[in-house]
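Working notes for the structure below.
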Amino acid sequence: MKLATLRTAEGTRAIRVEGERYAELGAPDVGAFLAQEDWRAQAEAVTPERPLAGADLAPVVPRPGKILCVGLNYRNHILEMGRELPEYPTLFAKYPEALIGPADPIALPPESHAVDWEAELALVIGATVRRASETEAAAAIAGFSVLNDVTTRDWQYRSPMWLQGKTFEGTTPFGPYLVTPDELPGGTTPALDLTCSVDGEQVQKANTDDLVFNPVELVRYASTILTLRPGDVIATGTPGGVGHARKPPRYLSDGARLVTEISGLGRLENVARDEHA
């Protein structure tokens, strides 16, 4: 099934999407809906009857309790950046203020002149887990979505810690849907085609089977450190093709159209806009 968060005049609503129709789920957003133990049964019980055309979708989980991100997790991207394959995942954080919807403008901060793209598979947690076994980790994955970890490279590399370049407000498209693993080839370790284009030119192309640490392994690892709860998000990393690695480097500018797509999950279409233009 597909879940999403819809913006309405009265606030956001969690919805189930089927084809070109949707039904409301009685929760303010997908994160709140997943906090209910019987969320799967509740979603299956509704019949999508309202037309989806023209819907204004928010980030699929607007305010996750945690957004954990993984660096250097595609073999080809690691080689592109001149690094060795890691023994352990490289983790950093992002905050909810960074998130935008699947069609919202990307805010280009005036403080940065090196805003880059990073197409990613995101997983969303659907059950509370700590020190999860492989079976528990797989069962805790509610589904997958599309995310672009738009990064201010000049701020990222101001210090050895990446956080400040990864969480500028209003920069990170996330959505359009959460798709449950049963709809995807490979289930909780899906093999999906991922692409990213800038102004119609394809700049990234990969398959998620190139991940060094797959989604189940990432849930196991992260849950060793802290408790993962429904609505938490893990962005699993980006493949090769980022602008910073090009010679010369290429970055997003005002008016640039960024399209991020993963087969079976949907498409993000966002236009970069100078924040104070």
Those residues that, when tested against Y22, pass side-chain hydrogen bond (donor to acceptor under 3.5 Å, both in side chains) (two or more places apart): none

Under-4.0 Å salt bridge between E20 and R50: no

Identified side-chain hydrogen bond (donor to acceptor under 3.5 Å, both in side chains) partner of Y251 from the options H244, H113, R246: H244

Partner set under side-chain hydrogen bond (donor to acceptor under 3.5 Å, both in side chains) for S112, not counting sequence neighbours: D154

Set of residues satisfying side-chain contact (heavy atoms from CB on, under 4.5 Å) with respect to S197, sequence neighbours excluded: V259

Cut-off 3.5 Å, no hydrogens considered: what does the side-chain donor-acceptor table look like for residues 235-243, sequence neighbours left out?
residue: T236; atom: OG1; partner: L121; partner atom: O; Å: 2.7
residue: T238; atom: OG1; partner: A119; partner atom: N; Å: 3.2
residue: T238; atom: OG1; partner: A119; partner atom: O; Å: 2.8
residue: T238; atom: OG1; partner: Q204; partner atom: NE2; Å: 2.9

P110 side chain near D274 side chain, heavy-atom distance below 4.5 Å: no

Distance, nearest 0.5 Å, that separates CZ of R21 from CG of L52: 10.0 Å

D254 to R273 - nearest heavy-atom pair and separation: OD1-CA, 3.3 Å

Other ILVMFWY residues reachable from L163 by side-chain steps of under 4.5 Å: Y95

Contact summary for V70 and F92, nearest pair of heavy atoms: C-CE2, 4.0 Å

Sub-4.5 Å side-chain heavy-atom contact between L178 and T180: yes

Residue pairs, two or more places apart or on separate chains, that pass side chain to side chain donor-acceptor pair (under 3.5 Å) and touch residues 158-170: E118-K166, D149-K166, T151-K166

OH on Y177 to OG1 on T5, rounded to 0.5 Å: 12.0 Å

Partner set under side-chain hydrogen bond (donor to acceptor under 3.5 Å, both in side chains) for T260, not counting sequence neighbours: N148

Euclidean distance, L252 CG relative to N270 CG, rounded to 0.5 Å: 10.0 Å

CD/E24: more than 12 non-hydrogen atoms of other groups inside 6.0 Å: yes

Worked check of side-chain contact (heavy atoms from CB on, under 4.5 Å) between Y221 and F213: CA-CA 10 Å; Y221 188 82; F213 304 103; over 6 Å; no

Within 6.0 Å of CD in E84, more than 12 heavy atoms from elsewhere: no

Test salt bridge (Lys or Arg N to Asp or Glu O under 4.0 Å) applied to D116 - qualifying residues, sequence neighbours left out: R153

Residues forming a side-chain contact (heavy atoms from CB on, under 4.5 Å) with R7, sequence neighbours excluded: T12, D56, A58, P59, D104

For the student: nearest non-hydrogen atoms of L265 and F144, plus distance: CD2-O, 3.8 Å

K66 NZ: over 12 foreign heavy atoms closer than 6.0 Å: yes

Partners meeting salt bridge (Lys or Arg N to Asp or Glu O under 4.0 Å) with E37 (sequence neighbours left out): none

Full working for side-chain contact (heavy atoms from CB on, under 4.5 Å) between V124 and L3: CA-CA 11 Å; V124 181; L3 308 180; over 6 Å; no

Results of side-chain contact (heavy atoms from CB on, under 4.5 Å) for S223 - residues two or more places apart only: V129, A132, L228

Note, L68 side chain near D232 side chain (heavy atom, < 4.5 Å): no

Gap between atom CG of L258 and atom CD of E269 - 0.5 Å precision: 10.0 Å

Residues which pass side-chain hydrogen bond (donor to acceptor under 3.5 Å, both in side chains) with E136, listed by chain and number, not counting sequence neighbours: S133

T128 (side chain) donor-acceptor with R229 (main chain) under 3.5 angstrom: no

Separation between CD of E120 and OG1 of T208, rounded to the nearest 0.5 Å: 12.5 Å

Test side-chain contact (heavy atoms from CB on, under 4.5 Å) applied to F174 and I67, step by step: CA-CA 11 Å; F174 179 33; I67 308 169; over 6 Å; no

